[in-house]
Amino acid sequence: MLDIKLLQNNFDEISKKLKKKKVPEETLNELKEISIELKKERKKLEFLQAEQNNNSKMFKIYIKEKKNLDKHKIELLKNKEKIAELNGKVRELEEKLSKIANIVPNIPLESVPYGEDESENIELSLILAPPLFNFTPKEHWEIDNGWLDFKRGVKLAKSRFTVLKHDGAKLSRALINYMLDFNTKYGFSEVCVPFLANRETLRGTGQLPKFENDLFKIEDEDLFLIPTAEVPVTNLFQNEIIDQNELPIKITCYSECFRKEAGSAGRDTRGLIRQHQFSKVELVSIAKPEESEEIFNLMVNCASDLLTSLGLAHRKVMLCGGDLGFSAAKTVDLEVWLPGQNRYREISSISNTLDFQARRAKIRYKDGKKNRLVHTLNGSSLAIGRTIVAIMENFQCKDGTIKIPEILKDYM
RNA sequence: CGGGAGAUGGCAGAGCGGUUGAAUGCACUGGUCUUGAAAACCAGCGAGGGUAAUACCUCCGGGAGUUCGAAUCUCCCUCUCCCGGCCA
């Protein structure tokens, strides 16, 4: 959530920055006006409440003095009505405010480039050279080694579900274990969390209320399948005040992720790239504001080193404003080279949300006497499905077999 | 899913309908003492809003109600715990 006070005081600046994310100025204007009106009405209300409190206290004294109470009663009741009325007004304004505030995205950092979409992202660096082939490399779904059973996935659920078999299934499990171990060595501690989350949790990280259509909802329950482990892991700390000494908190977590992929009909319909369910190992950090940039870089390096350790060529890309997610102030994607597709594809995405999620989820830490909002960061270690794709395409042999990276041998 | 109990500050745990934002204990922070630490003693210590800082307002799971006044009474919801059934 935006800092409303900041919006009140630095309207032009914020409005300009949010243009990167295509937020219309009218929305911000409305937000500002409501917040100012709210402040005004609240002041009126509090004044009346103070008066009422005082008069109520007098009651005890009047009883002692055996004064006639009826007159005071009438007075108090009259005031009570006024308070109720104002209270309703204030509440209405609060609802109006939060309705809008909840759907305004985070402000991009200064360093985020302007741009409409993916095509205007900026390549930061290339790591490892793509492999050379003495034959035409296939796309992963063309490789007929019995790992991927698309038909049966559809039979069991529907399109965009896949069954992994044989070494494909094993590789998936090996990758999960390997990544968790890798991240642990990087200083992230492992957690295992529920794959279902309630509304408040999803609101905390920004999926709700705006993106309900992208989530699978459980019938007859106010629960949703998580779209990423970022949701439960970050919200582990919702409504908590963290001891300063415990920061930064660095967590890694494996989860299944569930996404409706509404609006991406027709895109990546073949293969493992875009599924309704996929495994992912996630990184989440809770940090003090002054250290969040450093942690961000650590997370990017952690994911990049992981790719390197698997021998996968990739590049780091800075997302432009138009391609930034709702909660992110800054995002670096890692794109892995896919020889079959002859292009780089996103396999990891690391974001700093600054205090945006912390404000929503009320995650704070004690700084001396004051409670301050933390910064929250999240990033894929790697998406498992896409890593399998990358391994299949990069390490395919002419005879259709796949060479498993050396480092995974112990995990298979 | 059926039966019972409960929901209060970081935790534990009091709280006749009227200075109770809330006793007490633990934890925590600062100080005295000590070579240092522990112990002991003294002091401070919930959150949000508001203010230059005070005032002041709101909050005792959530919502509605009774009352001049509610953490305290009534109703609804949610959640937790114990017992029983089912089950990895």
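Every chain is numbered from 1 and lettered A, B, ... according to where its sequence line falls, protein lines coming before strand lines. On a predicted model such as this, the values are computed, not experimentally measured, just so you know.
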Residue whose closest nucleotide on RNA chain B lies nearer the 5' end, A:Leu77 versus A:Glu221:
A:Leu77
To the nearest angstrom, the CZ-C1' distance between A:Arg91 and B:G48 comes to 16 Å
Atom CD of A:Gln244 to atom C1' of B:U29: distance rounded to whole Å?
13 Å
Provide, to the nearest angstrom, the distance between the CD1 atom belonging to A:Ile363 and the P atom belonging to B:G10.
16 Å
From CD of A:Glu200 across to P of B:G61 the rounded distance in Å is 18 Å
A:Lys330/A:Glu293 ion pair, N-O < 4.0 Å:
yes
Roughly how many Å apart are B:A71 and B:G61, using the C1' atom of each and rounding to a whole number?
12 Å
Complementary nucleotide for B:G6 - Watson-Crick or wobble, under 3.5 Å:
B:C79
All pairs passing side chain to side chain donor-acceptor pair (under 3.5 Å) where residues 106-115 of chain A contributes a residue, at least two apart
none
Round to a whole Å and report the spacing from CD1 of A:Ile242 to P of B:A47.
15 Å
Greater than 12 external heavy atoms within 6.0 Å of A:Lys40's NZ:
no
Nucleotide-resolved protein contact map, nucleotides 53-60 of chain B, B/S/- at heavy-atom distance under 4.0 Å
---SBS--
Nearest-Å distance for atom pair CD/C1', residues A:Gln52 and B:G18
14 Å
Whole-Å distance, A:Leu86 CG to B:G49 C1', equals 16 Å
Return no unless some side-chain N or O of A:Arg364 is found under 4.0 Å from OP1 or OP2 of B:A47.
no
OP1 or OP2 of B:G69 under 4.0 Å from side-chain N/O of A:Asn55
no
Taking atom types as modelled, find out whether A:Tyr186 and A:Thr252 have a side-chain donor-acceptor pair closer than 3.5 angstrom.
no
Using a 4.0 Å heavy-atom cut-off, does A:Lys78 contact any base of the nucleic acid, only the sugar-phosphate backbone, or nothing at all?
nothing
Provide, to the nearest angstrom, the distance between the CG atom belonging to A:Asn371 and the P atom belonging to B:C45.
15 Å
Would you say a side-chain N or O of A:Lys43 is under 4.0 Å from OP1 or OP2 of B:G49?
no
Write down the distance separating the P atoms in B:G18 and B:C11, rounded off to the nearest Å.
27 Å
For A:Leu38, give me all partners under side-chain contact (heavy atoms from CB on, under 4.5 Å), at least two apart in sequence or on another chain.
A:Arg42, A:Val90, A:Leu93, A:Glu94, A:Leu97
Measure from the side chain of A:Ser56, starting at C-beta and using heavy atoms only, and say which of B:G49, B:G69, B:A47 lies closest.
B:G69
Is A:Arg203 paired with A:Glu200 through a side-chain N to carboxylate O contact shorter than 4.0 Å?
yes
C1'-based separation of B:A14 from B:C60 [nearest Å]:
13 Å
Using the P atom as the point on both nucleotides, what is the distance between B:U66 and B:G84, in whole Å?
43 Å
Using the C1' atoms only, state how far B:C73 lies from B:G85, rounded to an integer number of Å.
37 Å
Roughly how many Å apart are B:G13 and B:G6, using the P atom of each and rounding to a whole number?
14 Å
Just name whichever nucleotide pairs with B:A27, Watson-Crick or G-U, keeping both distances under 3.5 Å, else none.
none
Find the partner of B:A70: check Watson-Crick (N1-N3 plus N6-O4 or O6-N4) and G-U wobble (N1-O2, O6-N3) distances, both under 3.5 Å, and reply none if neither fits.
none
Taking OP1 and OP2 of B:U51, is either one under 4.0 Å from a side-chain nitrogen or oxygen of A:Lys39?
yes
Any ion pair linking A:Lys409 and A:Glu406 (charged N to carboxylate O, less than 4.0 Å)?
yes
Between A:Arg199 and A:Glu212 (salt bridge meaning N to carboxylate O under 4.0 Å), is one present in this structure?
yes
Would you say B:A47 has OP1 or OP2 under 4.0 Å from some side-chain N or O of A:Lys366?
yes
Should we say atom CG of A:Asp144 is surrounded by more than 12 heavy atoms from elsewhere, each under 6.0 Å from it?
no
What distance, rounded to whole Å, do you find between the two P atoms, one in B:C26 and one in B:U34?
25 Å
If you measure from the P atom in B:C56 to the same atom in B:G30, how many Å do you get, rounded?
30 Å
Which base, if any, makes a Watson-Crick or G-U wobble pair with B:A38, both distances under 3.5 Å?
none
